[in-house]
Amino acid sequence: MSFRNPLKQAKGLGSAHAGLHHWVVQRYTAVALIFLGLWFVYFVVGLIHADYLAATDAIARPWNATLLVAFLVAMFWHAQLGLQVILEDYVHTPLTAFVSQLLVRFVCFLGALASVFAVVRIALGN
């Protein structure tokens, strides 16, 4: 005996089995951002009285460039995941939801790409 609604079975509605992955990735990026955020604050506070050349030299160090890229990627990925959940919960018009999701993904990807490109360009000295 099944307790599922016959309409649900007919429409094929049910779990897409993607929610757990989304939840886990959001938690991983959150934990990574705790440590990377603390490092980023320490890094920026150390550059308060630095001029442009000192700041670019600090960013160009391999360890700092790697951590900065990791921070930027985790930040934009976490932002995209969080905004996706908000849009899924509060936007109910299918076309608006689709366009909003697409726009959020595009803006987060573009922001991450531009940020990582800037760090790599500074790190390589161009």
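The analysis underlying the following values was restricted to heavy atoms, covering all of them including side chains, and did not include hydrogens, waters or symmetry mates. We number each residue from 1, following the sequence as shown.
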- Go through the steps for F109 and L113 under the test side-chain contact (heavy atoms from CB on, under 4.5 Å), then give the verdict. CA-CA 6 Å; F109 178 76; L113 188 67; 4.2 Å; yes
Closest approach of [X] and [Y], non-hydrogen atoms and distance?
X	Y	value
G37	F71	CA-CE1, 3.9 Å
T56	I122	O-CG2, 3.7 Å
A55	A50	N-CB, 4.4 Å

Check whether [X] and [Y] end up in the same hydrophobic cluster, where Ile, Leu, Val, Met, Phe, Trp and Tyr are linked by side-chain heavy atoms less than 4.5 Å apart.
X	Y	result
I48	Y42	no
L72	L38	no
V69	V44	yes
L33	L81	no
V99	V91	no

- Apply the test side-chain contact (heavy atoms from CB on, under 4.5 Å) to residues H22 and V85: give CA-CA distance (whole Å), side-chain angles for both, the deciding distance (0.1 Å), then the verdict. CA-CA 9 Å; H22 187 276; V85 170; 3.2 Å; yes
- Query: Do side-chain atoms of N64 reach the backbone of I59 as a donor and acceptor pair under 3.5 angstrom?
  - Reply: no
- Is the backbone of Q101 close enough, under 3.5 Å, to the side chain of Q84 for a donor and an acceptor to pair up by distance? no
From [X] atom [atom1] to [Y] atom [atom2], the distance as rounded to the nearest 0.5 Å:
X	Y	atom1	atom2	answer
Q80	L87	CD	CG	9.5 Å
T96	L103	OG1	CG	12.0 Å
W23	Y28	CH2	OH	9.5 Å
L67	R61	CG	CZ	13.0 Å
H78	R27	NE2	CZ	8.0 Å
S100	L83	OG	CG	10.5 Å

- Would F76 and S115 satisfy side-chain contact (heavy atoms from CB on, under 4.5 Å), going step by step from the backbone distance to the final call? CA-CA 10 Å; F76 279 107; S115 301; 3.6 Å; yes
- Task: Apply ring-ring contact (aromatic ring centres under 6.0 Å, His included) to the pair W39 and F35, showing each step before the final yes or no.
- Result: CA-CA 6 Å; W39 168 82; F35 298 110; over 10 Å; no
- With the side chain counted from C-beta on, respond yes when L36 and F40 share a heavy-atom pair under 4.5 Å apart, and no when they do not. no
